[in-house]
2 protein chains.
Amino acid sequence: MSNPKDTFIDCENCPIRKRRIFRQFEKDDVTYVSKFKTGELSVEAGAAILIEDQKSPHLYTILEGWAYRHKQIVEGKRQILNFALPGDLIGLQLSVLNEMEHSVTGLTGMKLCVFERSEVWDMFKASPALGFSLAWQAAREEQMLDGHLLNVGQRTAQARVAYLVLHLYDRADAIGYACNNALDAPFNQQHLADALGITNVHANRTLRKMIKNKLLTWQDKTIVIRDREALEEISHYERDEDGKRMII
Amino acid sequence: MSNPKDTFIDCENCPIRKRRIFRQFEKDDVTYVSKFKTGELSVEAGAAILIEDQKSPHLYTILEGWAYRHKQIVEGKRQILNFALPGDLIGLQLSVLNEMEHSVTGLTGMKLCVFERSEVWDMFKASPALGFSLAWQAAREEQMLDGHLLNVGQRTAQARVAYLVLHLYDRADAIGYACNNALDAPFNQQHLADALGITNVHANRTLRKMIKNKLLTWQDKTIVIRDREALEEISHYERDEDGKRMII
DNA sequence: CGGACTGTTGATCGGTATCAATGCTCGTGG
DNA sequence: CCACGAGCATTGATACCGATCAACAGTCCG
């Protein structure tokens, strides 16, 4: 019998980690990640990765695919908190707070690195660089949430759409899920609406108007940015200069 | 001349740290915090602690007072992202991301522990417990932001007010800034409105109605919760069981 | 006393929600 | 092959929440 671990993507040759946008670790730290990684998980589109109030023993780094974090008040009132892409850590709150107050669901089929929650504390002791990296991820997520809260709290529907499209495009672009102003968008109008705090009907009307005004197109699961400048002006979006990111 | 450091509150006897809601560190870790702490800062009400896009060399832990994190789109469109109370870390994003995309302003006079941003990485190496604690703070902030985003994105004005009042009461209660359903509220209706993504006029009307309905009162900078059960039902708020918190 | 800030209230407008109906695409099973 | 249903997108009619503009009251403070 071959060891199933042999079939894993090993961290030294991780295709995500090697991308230029990620800061490269010291050799010892990568070695520790390899030990920390206990498996790989592949799931179909629409799979629940983590569920509110349920304490999974695992946390994950996305290798492939899109997911979204979300939270419900009552049946039918859902807020999408953020989207997650390759390189992003899933289950961060769980790993340090020992609580899970939101769910994570896949939008596409996904491939995930699996880590053991119970070993997070050991990781902080064994590798300060990995601990720092976890804090880095948390701070980055907070920064994105700040942006979303500003978006939902202060902008009109059209500006919200403009902001979110640019935000997602730039993130997807950074990891190769978008280029030439074309974004591979595996979500539908309902997802968009739930992320923006508006109804699907209003999201649709807003999109129709923006499409008519040649700001963007959205066909066949692909969003094309046709007038980036106008979208930036509507939403006062500013691309953040892309320094090196961290990854676990 | 006496060493000014002699007049600092020393971390071993820190009145905040000693509170029961905080997890106690090992002796060595507290010793390290003492070294990490390079000063104390006292500021008047309304002072700017950190400013968007400006890289302060410092980060802070609040010893006394209230502050708020906020972010602007254009003049007059401000979102209050969250409030900060004693024990909370200020400048976390700055410390690990090396970026500052929001401002922090004091609501009351404040006393702050001062740390050097440049020493954060050393802290991770020297004390895994402190590194973990920083990650913990980041995750907790993210969790609160999740709640606020859900609030602003999915609830009506009245439910937003209900949620925020309960949220702030419970946080203030945990560190002794509230008790007997009375919350010492150093903010005004404009702050509330900016945190909830509504106008001050509408915040006022909503509050009037809630006061008329005997849900709460707000006089002399004090909010009194008169019908917690009703507020919880309106907003579907759930108090989170208060496990031990971490502090740096 | 006067000015600044905050809170309050009215009138009106506009953006979004809600309810409802229809069309479209796609996968599935008869 | 077509029928059917599920899920998603689209559009219309209407209601309502919250924004906007404006005026004024109350309080505090120099």
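Keep in mind it's a predicted model, so treat the numbers as computed, not measured. To find a chain, count down the sequence lines: A is the first, B the second, and so on, and within it residues start at 1.
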Sub-3.5 Å pairs of nitrogen or oxygen atoms, protein against nucleotides 18-28 of chain C:
from   : atom 1 : to     : atom 2 : distance (Å)
C/dT18 : O4     : A/R205 : NH2    : 3.2

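The shortest distance between side-chain heavy atoms of A/L63 and A/C14 falls below 4.5 Å. Under the 4.5 Å side-chain criterion, counting only non-hydrogen atoms from C-beta, A/Q137 is not in contact with A/R245. A 4.5 Å side-chain heavy-atom check between A/M100 and A/D53 finds every atom pair outside the cut-off. Inter-residue side-chain proximity for A/L59 and A/L92 is flagged as unmet; no heavy-atom pair is nearer than 4.5 Å. Counting heavy atoms from C-beta outward, B/I225 and B/L183 have side chains that stay 4.5 Å or more apart.
When the C1' atom of C/dG7 is taken as reference, atom CG of B/L192 falls 13 Å away, rounded to whole Å. Atom CD of B/Q219 and atom P of C/dT6 are 19 Å apart (whole Å). In this structure, A/R78 places its CZ atom 15 Å from P of C/dA17, rounding to the nearest Å. For the pair B/N188 CG and C/dA4 P, the computed distance is 18 Å after rounding to whole Å. Rounded to an integer number of Å, the gap from NE2 of B/H191 to C1' of C/dG7 is 14 Å. Rounded to an integer number of Å, the gap from NZ of A/K209 to C1' of C/dT16 is 12 Å.
Proximity of residues 150-164 of chain A to DNA chain D (heavy atom under 4.0 angstrom from any strand atom) is not detected for any residue. Interface residues of residues 68-76 of chain A facing DNA chain C, ordered by number: none; criterion, heavy-atom separation under 4.0 Å.
To the nearest 0.5 Å, atom CH2 of residue A/W66 and atom CG of residue A/D88 are 10.0 Å apart. Note that NE2 of B/H236 and CD of B/E238 are 9.5 Å apart. Values are rounded to the nearest 0.5 Å.
For the 3.5 Å distance criterion, the side chains of B/Q189 and B/N200 fail to qualify, holding no donor opposite an acceptor. Between the side chains of A/Q93 and B/D146, at least one donor N or O lies within less than 3.5 Å of an accepting N or O. A donor and an acceptor atom, one from each side chain of B/N82 and B/H148, are located under 3.5 Å apart. Inspection of the A/N188 and A/H191 side chains reveals an N or O donor paired with an N or O acceptor under 3.5 Å.
Using cut-offs of 30° and 60° for the angle between ring planes, the B/Y68 and B/F83 rings count as tilted.
From the 5' end on, the contacts that DNA chain D makes with chain B at under 4.0 Å to a non-hydrogen atom open and close at D/dG18 to D/dC21.
Between the axis at the start and the axis at the end of the helix from C/dC1-D/dG30 to C/dG30-D/dC1 there is an angle of 30°, using five pairs per end and rounding to 10 degrees.
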Could you pull out all donor-acceptor pairs under 3.5 Å where a side-chain atom in residues 209-223 of chain B meets a protein atom, sequence neighbours excluded?
from   : atom 1 : to     : atom 2 : distance (Å)
B/K209 : NZ     : B/Q158 : OE1    : 3.4
B/N213 : ND2    : B/K209 : O      : 3.4
B/T222 : OG1    : B/D220 : O      : 3.2

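A cation-pi contact links B/R155 to B/Y163, judged by a cut-off of 6.0 Å to the six-membered ring centre and 45° from its axis.
Applying side-chain contact (heavy atoms from CB on, under 4.5 Å) to A/I62 and the options A/I90, A/I247, A/V104 leaves one that passes, A/I90.
Put simply, B/N204 has no side-chain N or O that comes within less than 4.0 Å of OP1 or OP2 on C/dG7.
No more than 12 heavy atoms of other residues, nucleotides or ligands shown are found within 6.0 angstrom of CD on A/E233.
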